[in-house]
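Order of the sequence lines sets the chain letters (A, B, ...), proteins ahead of strands, with each chain counted from 1.
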Number of protein chains: 2
Amino acid sequence: MKLSKDQTIEIAETFRLMGDPTRLAILVECLDGPVSVGDLVTRTGASQSLVSHHLRLLRAARILTARREGKNVYYAAMDDHIRTVVGDMIDHVAEPADEGLG
Amino acid sequence: MKLSKDQTIEIAETFRLMGDPTRLAILVECLDGPVSVGDLVTRTGASQSLVSHHLRLLRAARILTARREGKNVYYAAMDDHIRTVVGDMIDHVAEPADEGLG
DNA sequence: ATTATATATGAAAACGTGTTCATATGTTGA
DNA sequence: TCAACATATGAACACGTTTTCATATATAAT
């Protein structure tokens with residue numbers, strides 16, 4: 001599987017955004033359906049400002065989608081690829097495999 | 001799907017490591033089978049030292065496995081979860097979807 | 001209009017990571 | 001043992017990101 005330099009950079013950027021614990025926690029909360037910003041603040045324990053900053057990044061990278069409903073804004077995982085990626089990574093980390101050499 | 005704080009940190013760490021263009025390029029080259037360090041240097045265009053530093057991180061995080069064969073050391077993707085994760089992410093980035101709101 | 005609630009944003013502080021350079025270690029063959 | 005090749009490592013530099021604080025915008029209700 002051969003990737004262009006631009007593809008590589010875009011994919012790396014998406015992984016990088018998933019690679020912060022606070023952002024990943026936000027993303028995981030959004031996997032099963034839309035969640036309001038307020039609920040994300042409660043569930044992750046991060047500050048409102050921090051959650052909002054991270055949501056902007058996740059949305060800009062098309063990892064999450066947003067829709068406003070009255071005073072609230074609901075965020076959800078962009079597509080099934082995102083759900084699968086996180087799911088597979090959870091499975092990977094669960095494996096007690098060896099890392100080779102010594 | 002509910003994750004512990006430690007699980008979240010470990011998974012984020014794995015994503016973070018995939019989130020650098022040089023490291024991702026190295027990883028992608030290792031998806032189809034074992035590749036020597038020298039070949040990785042050639043194929044990625046990165047310096048020998050840099051490739052080696054990154055390989056150490058990828059191996060420590062159980063993203064790649066290593067086996068020595070004579071003078072060479074061959075690196076390969078750790079398991080199918082890793083291959084699937086990268087594959088799904090490539091599919092995700094290929095999608096021309098909307099990011100919601102304005 | 002004013003107040004209350006929900007979310008977003010800019011700037012600065014606090015912190016971490018990628019890369020290079022020089023050098024060390026490991027392996028093979030003469 | 002010496003030379004030649006392959007890979008690994010430590011220290012330092014250069015740069016970027018996460019987080020907080022204060023404040024702004026948006027929506028709804030009285």
**Report entry** Whether A:His53 stacks on the six-membered ring of D:dT18 base, 5.5 Å and 30° limits
**Finding:** no
Query - Listed partners of A:Glu29 passing side-chain hydrogen bond (donor to acceptor under 3.5 Å, both in side chains), at least two apart - result: A:Arg43, B:Lys2
Query raised in the report: Any N or O donor-acceptor pair linking the side chain of B:Ser49 to the base of D:dT9 at under 3.5 Å?
Result: yes
Query raised in the report: Do A:Leu31 and A:Val37 belong together in a cluster built from hydrophobic side chains that touch within less than 4.5 Å?
Result: yes
Query raised in the report: Once you round it to whole Å, what is the distance between P of C:dA8 and CG of A:Leu57?
Result: 12 Å
Query - Atom-pair distance (NE2 on B:His54; C1' on D:dT9), nearest Å - result: 14 Å
Requested in this report: Measure from the side-chain N and O atoms of B:His92 to the backbone N and O of A:Arg62, and report whether any donor-acceptor pair falls under 3.5 Å.
Outcome: yes
Query raised in the report: side-chain hydrogen bond (donor to acceptor under 3.5 Å, both in side chains) with A:Asp80: which residues, sequence neighbours excluded?
Result: A:Arg83
Query raised in the report: Among the clusters formed by ILVMFWY side chains lying less than 4.5 Å apart, do B:Leu50 and B:Val41 turn up in the same one?
Result: no
**Report entry** Below 4.0 Å: OP1/OP2 of C:dA6 and any side-chain N or O of A:Tyr74
**Finding:** no
Query raised in the report: Can any side-chain N or O of B:Thr44 pair as donor or acceptor with the backbone N or O of B:Leu40 at less than 3.5 Å?
Result: yes
Requested in this report: Strictly below 4.0 Å, heavy-atom distances to any atom of DNA chain C: list the hits from residues 31-44 of chain B, or just say none.
Outcome: none
Requested in this report: Check whether any side-chain N or O of A:Tyr75 sits under 4.0 Å from OP1 or OP2 of C:dA6, and answer yes or no.
Outcome: no
Requested in this report: Please list, by residue number, the residues of residues 6-13 of chain B whose heavy atoms come closer than 4.0 Å to an atom of DNA chain C; answer none if no residue qualifies.
Outcome: none
**Report entry** Of residues 14-25 of chain B, the positions that come close to DNA chain D - non-hydrogen atoms, cut-off under 4.0 Å
**Finding:** none
**Report entry** Interatomic spacing from CZ in B:Arg16 to CG in A:Leu17 - rounded to 0.5 Å
**Finding:** 13.0 Å
**Report entry** Any donor-acceptor pair under 3.5 Å from B:Asp79 side chain to B:Ile82 backbone
**Finding:** yes
Query raised in the report: Is the distance from OP1 or OP2 of D:dT20 to the nearest side-chain N or O of A:Ser47 less than 4.0 Å?
Result: yes
Report task. Give, for atom CG of A:Leu3 and atom CD of A:Glu10, the distance between the pair rounded to the nearest 0.5 Å. Result -> 11.0 Å
Report summary line: Each nucleotide of nucleotides 23-30 of chain C classed B (base within 4.0 Å of a protein heavy atom), S (only sugar-phosphate) or -, in 5' to 3' order, makes ----BS--
Query raised in the report: Say you draw a straight line from CZ of B:Arg59 to CG of B:Leu64; how long is it, rounded to the nearest 0.5 Å?
Result: 9.5 Å
Query raised in the report: How far does CZ of A:Arg67 sit from CG of A:Asn72, to the nearest 0.5 angstrom?
Result: 10.5 Å
Query raised in the report: For A:Asn72 and C:dT7, is the shortest distance between a side-chain N/O and OP1 or OP2 below 4.0 Å?
Result: yes
Requested in this report: Measure from CG on A:Leu50 to P on D:dA22 and round the result to the nearest Å.
Outcome: 16 Å
Query raised in the report: Between the side chain of A:Gln7 and the main-chain N/O of A:Ser4, is any donor-acceptor distance below 3.5 Å?
Result: yes
Query - Path from A:Val35 to A:Tyr74 over hydrophobic side-chain contacts below 4.5 Å - result: no
Query raised in the report: Got a second to check how far B:Tyr75's OH is from B:Ile63's CD1, nearest 0.5 Å?
Result: 13.0 Å
